[in-house]
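Atoms within a ligand are numbered from 1 in the order they appear, just like the ligands themselves. This structure is a prediction, so every number in the text was calculated from the model and none was measured.
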Amino acid sequence: MTDITSRTEAALAAIAAASSLDALEAERLETLGKKGWVSLELKTLGGMSPEERTAAAPAIQSARARIAEALEAKKAALEAAALEEQLARETVDLTLPAVAAPKGSVHPVSQVMDELAEIFADLGFAVATGPEIEDDWHNFTALNMDETHPARAMHDTFYFPDKTTDGKDILLRTHTSPVQVRAMIQQGAPIRVIAPGRVYRSDSDATHTPMFHQVEGMVIDKGIHLGHLKWTLETFFKAFFEREDIVLRLRPSYFPFTEPSVEVDVGYSNEGGRRVVGGHGDAPGHAWMELGGSGMMNPRVLAAGGLDPAEWQGFAFGLGIDRIAMLKYGMNDLRAFFDGDPRWLQHYGFSPFDQPTLSAGVGARA
Ligand code: DAH
């Protein structure tokens, strides 16, 4: 009896002291295992007379219960500690860049679109979208280019053989300007949107590809004038090229959808065979380069978008995304943009982790 009590106390002490699951298992085998002393004691009950058994059983059964309970509690504690230790050892720092992992990269066009969205968002512009398969009303007519307008012929348009159910021609949009019309109809005024996307023209040489990218911009409000347009473009280009010495020249031009219309040129110089934006285009060693078109929205376009031109004024602009990407990141052949050559993408692509932000810089870091 005393023997069982003292052996039980010793077993409970050993269980409490066990520092590993292995040590605990050894203790379990020694007590409750098939050949453990508790099991052997239990077996002796079978050979006893009923009186002896009644006297001996409570002590041995209580020893088994106490030891079993202690083993279970200690096992749970050791397992919890092991898990804690494993969690501490195997932490993954999700803020670390996956240096060794990725082979893919972000295409410069996608990167520049993200930069555009980031900069214009700060100026209060939302991103609008429209279909690449357009009808000729949105692509031309609503933009003040009716069927006989000569500017239509200047867009080398890809037409589909089919027509819409109401008889309009279907085409691949030749510019992002139809999104102006769709955004006005959908959202009304006042409105500030940019619309980056793919456009298509049947044209192909070193500086033209049948598919290329534009970003449209549109602001409609009361009292909008050319000064707002110039400030907006200047502010955008300074943020985009990440330099303060950007000089723009607005050159009188003609677009059916704007009146007056201007072409936007930026001053640049040649440095080491590379065009570098910055400085006045008329300064020594400098020249002007065209970046896009813009102007005050033609009242007929506002009306096509369902707005009263007596109440609302707007400006709009359209820039070539591929062209400004080439200027910023130093590529010289547009066609390579769309070859899908992994070596080119490796060289000019961006890490998916380099999200453009205004605080950290919109342009790529190494
Ligand atoms: N849509 C014109 C083009 O593709 C570019 C353009 C010019 C867009 C003037 C505009 C604008 O919004 O106001 O050549």
Taking only non-hydrogen atoms of E216 and a 4.0 Å limit, the atoms of ligand 1 in range are 8 (C), 10 (C), 12 (O)
Does ligand 1 have an atom under 4.0 Å from some heavy atom of E263?
no
Quick one: which ligand 1 atoms are inside 4.0 Å of a heavy atom on G295?
13 (O)
Under 4.0 Å from any heavy atom of T258, which atoms of ligand 1 are there?
13 (O)
Taking CD in E84 as the centre, count heavy atoms belonging to other residues, nucleotides or ligands within less than 6.0 Å. Is the count above 12?
no
Taking the six-membered ring where the residue is Trp, are the ring centres of H175 and F255 under 6.0 Å apart?
no
Note the single closest protein heavy atom to atom 5 (C) of ligand 1, along with its residue, its atom name and the distance in Å.
G318 CA, 4.2 Å
Does the separation of the ring centres of Y329 and F350 fall below 6.0 angstrom?
yes
May I ask you to check whether D135 and H138 show a side-chain donor-acceptor distance below 3.5 Å?
yes
Rounded to the nearest 0.5 Å, what separation is found between the CG atom of L45 and the CZ atom of R53?
7.0 Å
List ligand 1 atoms under 4.0 Å from F255, heavy atoms only on the residue side.
7 (C), 9 (C)
Within a distance under 4.0 Å of any heavy atom of Q214, pick out the atoms of ligand 1 and give their elements.
3 (C), 4 (O)
Hey, mind stepping through T357 and Q355 against side chain to side chain donor-acceptor pair (under 3.5 Å) and telling me if it holds?
CA-CA 6 Å; T357 66; Q355 294 284 339; over 6 Å; no
Please report whether ligand 1 has a polar contact with Q180, defined as an N or O pair separated by less than 3.5 Å (distance criterion only).
yes
Identify which of F257, F315, Y254, F212 has a heavy atom lying nearest to atom 11 (C) of ligand 1.
F257
Closest protein heavy atom (residue, atom, distance) for atom 14 (O) of ligand 1:
R201 NH2, 3.7 Å
Would M218 count as a contact residue for ligand 1, given that I'm defining contact as a non-hydrogen atom of the residue lying under 4.0 Å from a ligand atom?
no
Using the ring centroid of each side chain, check whether F317 and F120 are separated by less than 6.0 Å.
yes
Consider only side-chain N and O atoms of T164 and D166, and report whether a donor and an acceptor are under 3.5 Å apart.
yes
Take R152 and T174, measure what side chain to side chain donor-acceptor pair (under 3.5 Å) needs, and give me the verdict at the end.
CA-CA 10 Å; R152 270 204 192 202; T174 58; over 6 Å; no
For ligand 1, which atoms sit closer than 4.0 Å to a heavy atom of S177?
1 (N), 8 (C)
May I ask you to list the atoms of ligand 1 that are less than 4.0 angstrom from any heavy atom of S294?
7 (C), 9 (C), 11 (C), 13 (O)
Tell me whether A316 has any N or O atom under 3.5 angstrom from an N or O of ligand 1.
yes
